[in-house]
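Atoms within a ligand are numbered from 1 in the order they appear, just like the ligands themselves. As the structure is a computational prediction, the values presented were derived from the model and not from experiment.
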Amino acid sequence: MSVSLHAPSGAPLSRRLAGTTSSPVRDILEVAARPEVISLAGGLPAPETFDVDGLRAAFAEVLSGPDAVRALQYSTTEGDPALRARLADVLRTGGLAAEPGEILVTTGSQQALGLVAAALLNPGDPILVEDPTYLAALQAFGLSGARCVAIPSDAEGPDPDALVRVAHASGARIAYLIPTFQNPTGRTLGAERRAALADAAAAAGLWLVEDDPYSALRLEGAPVELLAAQPAARERTIVVQTLSKVLSPGLRIGYLRAPEALYGALAVAKQAADLHTSTVAQLAAERWLARHDVVAHMRGLAAHYRPRRDALLAGLAEHLPPGSTFTRPQGGLFVWVTLPDGFDAEAVLPRAVERGVAFVPGRHFFAGEYVPGTLRVSFATASPTELLEGAARLGAAIAG
Ligand code: PMP
């Protein structure tokens, strides 16, 4: 159901909420849920990849052992110590030497973005973002009254010199980046660009937020270390990760690793937001991580998603109009399409839905001026056959 922000007359709507709109993706997802529609719209992880038996066993272990009452009790704001230790191990596989005490467990990584906004941004403050960027980050920062300012980029990603320039021009203290398999573009920053951005952030006195839900979904190619693992970035970067794409988004287990200077403020914001993340979900996630080889599990996810990505890319190559371009991500869930000049993805959407395919027009992901011919498609949920058919329907809808 979509949420209306039109308050009945007299309802006390806050100024900051009045300036924030419900995600248009919700409305598109509603249409995309119709059985006749092939959804390239959402980034919902494939349900076939959920380890239902493993999670059932993990919850059973937590609720039948001596810890059962602890699982049902209030717990600490920072998170379960054993889970924090396991999450620090996961971060270490990304090249970042993290300690359990530096981890804050959050209710999904979306909450981590809200905590950044609540703890570090005043109404009117600028925050630098890639353009396009993750739609719900724009929402989270917008809700705090912050102003999202686009970082100019080149073919390799955000431009380090431009980062310094816009930081000075806007007075921004924080930049939000999705360096790996970006949502919505699928683009990944190379190691050199990461190092250059870390140096640029240090030169400009910027704190960084590295949002990293997708590095766990690498389908091919060599892993790139986290931006936060760059020496110049380590003590100025809040890294945000999640179990949503690896295990289950319904668990709502996200986490961040923050430099010491910021950790306390984020923990206080978390306390005010929800006291702590669900104890039973944390303990079950910890048990699942204890009983499974996460790296092997990720290999299984890659084997699931790789043929889906390939089918979508093959379908786009065959059916998009000449002159179109699209990204070829090595992982994550998204592909970014740019149609030739003169095409408007928003105008295509109703025709696409009529033909039984849904996508998200690019407009919603831009902080600055949007490019009308852009759109995001995802290979997360549909089967390879459906993805090929979805691309054919998309091509037909674009052709009119
Ligand atoms: N950041 C990015 C870039 C995302 O794409 C998502 C999920 N779509 C999130 C954060 C939030 O995920 P969750 O709250 O489930 O961890």
Quick one: does Gly43 get a heavy atom under 4.0 Å from ligand 1?
no
Between Leu189 and Arg194 the two heavy atoms that sit nearest each other are O-NE, 2.8 Å
What protein heavy atom is closest to atom 15 (O) of ligand 1, reported as residue, atom name and distance in Å?
Ser244 OG, 2.6 Å
Can you tell me the protein heavy atom closest to atom 1 (N) of ligand 1 and the distance?
Asp211 OD2, 2.6 Å
Atoms in ligand 1 with a heavy atom of [X] nearer than 4.0 Å:
X: Gly108; answer: 14 (O), 16 (O)
X: Arg252; answer: 13 (P), 14 (O), 15 (O)
X: Pro213; answer: 1 (N), 2 (C), 3 (C), 4 (C)

Taking side-chain contact (heavy atoms from CB on, under 4.5 Å) as the definition, give me every residue that meets it alongside Arg173, ordered by chain and number, with sequence neighbours left out.
Trp207
Strictly below 4.0 Å, N to O, side chains only: are Arg193 and Asp154 in salt-bridge contact?
yes
Between Glu235 and Arg257, is the closest basic N to carboxylate O distance under 4.0 Å?
yes
Is it the side chain (CB and beyond), the backbone, both or neither of Ser109 that lies under 4.0 Å from ligand 1, heavy atoms counted?
both
Check the orientation of Phe366 and Tyr370. Use parallel for under 30°, tilted for 30 to 60°, and perpendicular for over 60°.
tilted
Per atom 9 (C) of ligand 1, closest listed option by heavy atom (Tyr214, Tyr134, Tyr255):
Tyr134
Which option out of Gln182, Lys245, Gln111, Gln241 puts a heavy atom nearest to atom 8 (N) of ligand 1?
Lys245
Any side-chain donor paired with an acceptor under 3.5 Å for Ser215 and Thr180?
no
Distance-only N or O hit between ligand 1 and Tyr176, under 3.5 Å:
no
Enumerate, atom names and distances included, each donor-acceptor pair closer than 3.5 Å involving a side-chain atom of residues 346-354, sequence neighbours excluded.
residue, atom, partner, partner atom, Å
Glu346, OE1, Arg363, NH1, 3.1
Arg351, NE, Ala397, O, 2.9
Arg351, NH2, Ala397, O, 3.1

